[in-house]
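One structure below.
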2 protein chains.
Amino acid sequence: MVEKKVDMKIENVVASTTIAKELDLSKLKKALPESEYEPEQFPGLVLRLDEPKTAALLFRSGKVVCTGAKTIKDVERAIKKVCDKVANAGFKVFKKPEITVQNIVASANLHAQLNLIAIAQAIGLEKIEYEPEQFPGLVYRLEEPKVVILLFGSGKLVCTGARKAEQVNEAIKKIIEELNAKRLL
Amino acid sequence: MVEKKVDMKIENVVASTTIAKELDLSKLKKALPESEYEPEQFPGLVLRLDEPKTAALLFRSGKVVCTGAKTIKDVERAIKKVCDKVANAGFKVFKKPEITVQNIVASANLHAQLNLIAIAQAIGLEKIEYEPEQFPGLVYRLEEPKVVILLFGSGKLVCTGARKAEQVNEAIKKIIEELNAKRLL
DNA sequence: CATATATTTATAAACCCCTTTATATATGTG
DNA sequence: CACATATATAAAGGGGTTTATAAATATATG
């Protein structure tokens, strides 16, 4: 078996952390006019950064969710910027907030057309969901690593649910091997 | 058997009484702007008090239902306030309306996790209802005292249907003894 | 015409779902 | 071209779910 490098690209990293003991979001909204805060619609305040291009959700509890980053490094840079903005707005924030990556979304290309109907039949309903008139992708739930792969007829795929980049590679390798074994690729 | 004091808290007392021979709710609504009266939606007029924090439902017949009180004393204070407000609005009201407690809702904590599935199996369907996907609590109907206990996996419970605080204590003691006897606690 | 439900109020417990953000994929509809 | 459709994920509120209980109306079945 030839072990080729998986042609994968991380598209989105979602992470959470706690930057302060608590935050007065109404006061923060006034200090940061570029932010969005509509408590009756959603309890978090939305703060978008241009660089790294991300969106942070800040909560009354001091917890923060960062989405949109393409690397872990960018998540850290984004959260650092959020902390600085909040600190400059007159709030006390933690110096080294511990960041937890909650989800990594990646895309990849198998460089071969896929017969999704054949794949759905060969692998079975326990792990697969495929309803083309509802959504063109085939949903494949892997147990180890515990991620979800969306397979498309074009051979492109999306992997979501991973917490580490390596899990994305593992998952894609598994899919490739299974498709090869069943001569579906 | 060690007779420990039950860790119980009354959360709501519902009581009814008659404060006048009859009431013109439309006139009362005008005299008490803070009240709510939408006869096509519900025949009673709703009057909320801040202290004691309660809600009273007044009917054309002069009957009144008081909800939200945490003690019998507060029910009395609330109904006294309602009578005063109605009297000040120019209505004739009874001096000493006889109050009947109709329902007492209480919460308690057994301070131990509960295996609701095991409890449901051990006690049986005649007295128990447990449909976790519909509601997380197990419904236990006691015949004496005639109350209903909602048991939760956390060990916390809700007792409703009692007319006297002592019935709440009796019911909880019975539940504890039964769970102990069946080694479910 | 007689029972049933529904309406409303309060209250605890603990679950569910939804709200919002980002992101690739690829279909369909307006 | 802009939306849903579908996936995962955290955050915190809101809503709904269940139980009992009175009151007085309106509908609805038997």
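What you are looking at is a predicted structure, and each value in this text was computed from that prediction instead of being measured. Lettering follows sequence order; numbering is per chain, from 1.
In this structure, A:Ile10 atom CD1 and C:dT25 atom C1' are separated by 17 Å, rounded to whole Å. Rounded to an integer number of Å, the gap from B:Gln102 CD to C:dA10 C1' is 14 Å. For A:Leu114 and C:dT25, the CG to C1' distance is 12 Å, given to the nearest whole Å. In this entry the distance linking CG of A:Leu116 with C1' of C:dA26 reads 11 Å, nearest Å. Computed from coordinates, the A:Leu110 CG to C:dT25 P distance equals 13 Å when rounded to whole Å. Rounded to a whole Å, the CD atom of A:Glu38 is 15 Å from the C1' atom of D:dG14. In this structure, A:Tyr130 places its OH atom 12 Å from P of C:dA26, rounding to the nearest Å. Nucleotide C:dA22 holds its C1' atom 13 Å from the CD atom of A:Glu36, rounded to whole Å.
Distances shown here put a side-chain N or O of B:Lys53 below 4.0 Å from the OP1 or OP2 atom of C:dT11. Between B:Arg163 and D:dT21 there is no side-chain N or O to OP1 or OP2 distance below 4.0 Å. Distances shorter than 4.0 Å separate none of the side-chain N or O atoms of A:Ser107 from OP1 or OP2 on C:dT25.
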If you restrict it to nitrogen or oxygen atoms, what contacts under 3.5 Å exist between nucleotides 3-5 of chain D and the protein, and what is each distance?
none

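Counting only distance, with no hydrogens or angles, the side chain of A:Lys27 and the backbone of A:Ala89 share no donor-acceptor pair below 3.5 Å. At least one donor-acceptor pair closer than 3.5 Å links the side chain of B:Lys29 to the backbone N or O of B:Ser35. The backbone N or O of B:Thr67 lies less than 3.5 Å from no partner atom in the side chain of B:Thr54, so there is not a single donor-acceptor pair.
Between B:Asn12 and A:Thr160, the residue anchored closer to the 5' end of DNA chain D is A:Thr160, taking for each the nucleotide with the nearest heavy atom. Nearest-nucleotide positions on DNA chain D for A:Val105 and B:Ala15 put A:Val105 closer to the 5' end. Between B:Val158 and A:Phe152, the residue whose closest nucleotide on DNA chain C is further toward the 5' end is B:Val158.
Contact check of residues 54-91 of chain A against DNA chain D (heavy atom, cut-off under 4.0 Å) returns A:Leu57, A:Phe59, A:Arg60, A:Ser61, A:Lys63, A:Val65.
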Run the numbers on B:Glu143 and B:Arg141 for salt bridge (charged side-chain N to carboxylate O under 4.0 Å, His left out), then give the verdict. CA-CA 7 Å; B:Glu143 50 302 296; B:Arg141 284 164 206 283; over 6 Å; no
Let's go through B:Lys174 and B:Glu144 carefully: what are the C-alpha distance in whole Å and the side-chain angles of both, what is the deciding distance for salt bridge (charged side-chain N to carboxylate O under 4.0 Å, His left out) to 0.1 Å, and is it a yes or a no? CA-CA 9 Å; B:Lys174 275 204 174 182; B:Glu144 184 47 41; over 6 Å; no
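The environment of A:Lys146 atom NZ is sparse: at most 12 non-hydrogen atoms of other residues, nucleotides or ligands sit within 6.0 angstrom. For B:Lys80, the NZ atom sits in a loose shell: 12 or fewer heavy atoms of surrounding residues, nucleotides or ligands are nearer than 6.0 Å.
The nucleotide D:dG30 finds its pairing partner in C:dC1, both defining distances of the Watson-Crick or G-U wobble pair being shorter than 3.5 Å.
The hydrophobic cluster containing B:Phe135 does not contain B:Val147, counting ILVMFWY residues as joined when their side-chain heavy atoms lie under 4.5 angstrom apart, directly or transitively. Cluster annotation: B:Leu185 and B:Leu150 are assigned to distinct hydrophobic clusters (Ile/Leu/Val/Met/Phe/Trp/Tyr, side-chain heavy-atom contacts under 4.5 Å, transitive).
As judged by a 4.0 angstrom heavy-atom cut-off over every strand, A:Thr100 is placed among residues making no nucleic acid contact. Nucleic acid contact class of A:Val148 (heavy atoms, under 4.0 Å, all strands): sugar-phosphate only. Nucleic acid contact for B:Lys9: none, since no nucleic acid atom lies under 4.0 Å from a heavy atom of the residue.
Counting all heavy atoms, side chain and backbone alike, A:Thr18 lies closest to A:Lys63 at OG1-CG, 3.7 Å.
Comparing D:dT7, C:dA13, C:dA10 against the side chain of A:Val139 picks out D:dT7 as the nearest.
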